There are 2 protein chains.
Amino acid sequence: MKNEIKKFRTKLGITQEELAEKAGVRRETIVFLEQGKYNPSLKLALNIAKELKTPIDKLFSLS
Amino acid sequence: MKNEIKKFRTKLGITQEELAEKAGVRRETIVFLEQGKYNPSLKLALNIAKELKTPIDKLFSLS
DNA sequence: CAATAATGTTATATTTTTCTAACATATAAA
DNA sequence: TTTATATGTTAGAAAAATATAACATTATTG
């Protein structure tokens, strides 16, 4: 599972903590997601996509 | 979490069991997903979207 | 109608995701 | 160069997703 969370987050100029709050998860969760160590639930992925103002399929892809 | 799995599955003319096999999960998982009783992982959602030849954001939406 | 296929249900087990808290390192700013 | 802010790490607990197996009901079709 690949993702571009960090790219779109920094583009928006917000911190991991801010994104975590907006998405309703802990900061550590965002850290590990950006590092590809966590595989999110669909619910979380959709929330992150919304907060990053990015279509989910631009943000995440299989493999 | 709303989804249109059943709609696109029947449109494709495949059974729950066939979709389950293609997506790599048990048939019961598909049953409960279609009924809105399960909330999928992103990985599973992407696999289902691929098998149903449908963009993930046409298939699933928050609330 | 009888048989088969498809779908639905329940209860519990296993696996995966996310949380928690504490601490560590790095980067920026006063 | 201190202080503050941002990011990274760990280990284990809690919660959520999925598996499993057995059985029930509803189509479908021969």
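These numbers were taken from a predicted model, which means no experiment stands behind them. Residue numbering restarts at 1 for every chain, and letters A, B, ... go by the order of the sequence lines.
- For the pair A:Ile56 and A:Leu42, the minimum side-chain heavy-atom distance is below 4.5 Å.
- Looking at residues 35-48 of chain B, you'll see B:Tyr38, B:Asn39, B:Pro40, B:Ser41, B:Leu44 sit with a heavy atom under 4.0 Å from some atom of DNA chain D.
- A salt bridge links B:Glu34 with B:Arg9; the closest basic N to acidic carboxylate O contact falls under 4.0 Å.
- You can see that DNA chain C meets the heavy atoms of chain A within a 4.0 Å-exclusive cut from C:dT17 to C:dA22, reading 5' to 3'.
- The 5' end of DNA chain C is approached more closely, in terms of each residue's nearest nucleotide, by B:Arg9 than by the other of A:Glu28 and B:Arg9.
- Summarising the geometry, atom NZ belonging to B:Lys11 is positioned 16.0 Å from atom NZ belonging to B:Lys6; distances are rounded to the nearest 0.5 Å.
- Taking side-chain N and O atoms only, B:Arg26 has no distance below 4.0 Å to OP1 or OP2 of D:dT18.
- Between the side chain of A:Ser41 and the backbone N or O of A:Leu44 there is at least one donor-acceptor pair closer than 3.5 Å.
- Straight-line distance from the CZ atom of B:Phe60 to the P atom of D:dA17: 13 Å, rounded to whole Å.
- Between the CE atom of B:Met1 and the P atom of D:dT18 there is a distance of 11 Å, given to the nearest Å.
- For the pair B:Glu34 CD and D:dT18 C1', the interatomic distance rounds to 16 Å; values are reported in whole Å.
- Nucleotide D:dT10 holds its P atom 14 Å from the CZ atom of A:Arg27, rounded to whole Å.
- Direction of the helix axis in the helix from C:dC1-D:dG30 to C:dA30-D:dT1 shifts by 50° between the two five-pair termini, rounded to 10°.
- We find that B:Arg27 and B:Glu21 are not joined by a salt bridge, their nearest charged nitrogen and carboxylate oxygen being 4.0 Å or further apart.
- Counting to the nearest Å, the P atom of D:dT25 and the CD atom of B:Gln16 are 17 Å from each other.
- B:Leu33 has its CG atom 7 Å from the P atom of D:dT18, to the nearest Å.
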